[in-house]
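Notes to accompany the following structure.
In the text below, chain A, chain B and the rest are named by the order of the sequence lines, each starting its count at 1.
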Amino acid sequence: MPPETSLPGAFYVRPTLDVARDLLGRILCRRLPGGSTLRGRIVEVEAYDGPEDRASHACRGRTARTRPMFERGGIAYVYQIYGVHFCLNVVTGGEGYPAAVLLRATESPRKDGSASGPGRLTRVFGIDRSFDGASFLGDELWIETGEPVADAEVKRTARIGVDYAGEWAERDFRFVITSHPALSGPRSLR
DNA sequence: GGTGCGATTGCA
DNA sequence: GCAATCGCACCA
């Protein structure tokens with residue numbers, strides 16, 4: 001079982017932008033098949049908020065792929081991109097409202113818990129489609145409270161790779177720990 | 001049943 | 001700058 005310091009279910013059942021902001025500094029944890037646990041501090045995330053968000057997969061409605069996004073917060077939404085990489089999202093909010101936070105980068109004093117970019121992150125943590133719908137309150141995957149991150153250390157920017165989303169592409173739904181070396185994306189968004 | 005493309009990455 | 005590589009959304 002995850003430790004007492006694991007974030008409770010109620011943490012995830014809140015507005016997506018709040019959860020995204022509050023996930024910075026938290027510790028993504030994954031118990032590996034061998035029994036050891038991989039840990040990485042979350043330093044970059046993006047929010048995908050509701051059925052109107054043209055950058056969100058859920059803007060097309062409830063489909064086989066996006067079903068987890070419509071569930072109650074606290075589970076994973078994992079999809080494959082470009083037929084090559086997986087992306088790990090934390091589903092947020094109440095049941096019926098499609099929203100999630102994409103985990104884009106982690107850092108760790110241990111090299112094996114560091115990853116810059118959503119595709120690299122899932123590779124490092126051994127996350128694939130088998131984790132789609134998995135709970136963040138279980139004993140294989142969870143997030144620990146970590147250390148708080150002050151507002152002065154947080155920067156908001158536009159999301160990466162969603163130029164097709166019109167005005168939604170310009171919204172500052174990406175949250176990063178300012179100038180952190182592990183951030184992905186263009187330098188202009190650090 | 002056919003088609004087009006993507007919340008990315010690594011290599012030329 | 002562009003190929004890799006495939007699930008899936010959408011149209012017929």
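dC6(C) atom P lies 14 Å from atom CG of Asp128(A), rounded to whole Å. Met69(A) has its CE atom 12 Å from the P atom of dA9(C), to the nearest Å. Taking atom OH of Tyr164(A) as the reference point, atom C1' of dT8(B) lies 12 Å away to the nearest angstrom. Separating the CG atom of Leu121(A) from the P atom of dG10(B) is a distance of 13 Å, rounded to the nearest angstrom. With rounding to whole Å, Gln80(A) atom CD is found 14 Å from dT9(B) atom P. In this entry the distance linking CD of Glu170(A) with P of dA7(B) reads 17 Å, nearest Å. If you take NE2 of His57(A) and P of dC10(C), they are 12 Å apart, rounded to a whole angstrom. Rounded to whole Å, atom P of dG6(B) lies 17 Å from atom CD1 of Ile160(A).
Counting non-hydrogen atoms under 4.0 angstrom, Arg123(A) reaches the backbone sugars and phosphates but no base. Among the heavy atoms of the strands, none lies under 4.0 Å from Glu46(A).
Set against dA9(C), dA4(C), dA7(B), the side chain of Val84(A) has dA4(C) as its closest nucleotide. Distances from the side chain of Tyr82(A) to the nucleotides dG7(C), dT9(B), dT5(C) place dT5(C) closest. Closest approach to the Tyr79(A) side chain among dA7(B), dG7(C), dA9(C) is made by dA7(B) (side chain taken as heavy atoms from C-beta onward). Distances were taken from every side-chain heavy atom of His85(A) (C-beta onward) to each of dA4(C), dA9(C), dT9(B); the shortest belongs to dT9(B).
With Glu46(A) as the partner, the salt bridge (Lys or Arg N to Asp or Glu O under 4.0 Å) test is satisfied by one option alone out of Arg104(A), Arg21(A), Arg159(A): Arg104(A).
Not one side-chain nitrogen or oxygen of Arg60(A) sits closer than 4.0 Å to the OP1 or OP2 atom of dG6(B). Phosphate contact (OP1/OP2 of dC8(C), side-chain N/O of Arg129(A), threshold under 4.0 Å): present. The shortest distance between the side-chain N/O atoms of Arg120(A) and the OP1/OP2 oxygens of dT8(B) is not below 4.0 Å. Put simply, Arg65(A) has a side-chain N or O that comes within less than 4.0 Å of OP1 or OP2 on dA9(C).
Pairing for dG7(C) goes to dC5(B), judged as Watson-Crick or G-U wobble with the two contacts each under 3.5 Å.
Checked for salt-bridge contact, Arg26(A) and Glu144(A) miss the test: no charged N lies under 4.0 Å from a carboxylate O.
At least one cation-pi condition fails for Arg123(A) and Phe125(A): the charged atom is not both under 6.0 angstrom from the six-membered ring centre and inside a 45 degree cone around its axis.
A 4.5 Å side-chain heavy-atom check between Phe175(A) and Leu17(A) finds at least one atom pair inside the cut-off.
Where Gly83(A) and Ser116(A) each meet DNA chain B at their nearest nucleotide, the meeting point lying more 5' is that of Gly83(A).
Heavy-atom contacts from other residues, nucleotides or ligands closer than 6.0 Å to CZ of Arg67(A) number 12 or fewer.
Aromatic rings from His57(A) and Tyr48(A) are positioned such that their centres are separated by 6.0 Å or more.
When the C1' atom is compared between dC2(C) and dC5(B), the two are found 15 Å apart, to the nearest whole Å.
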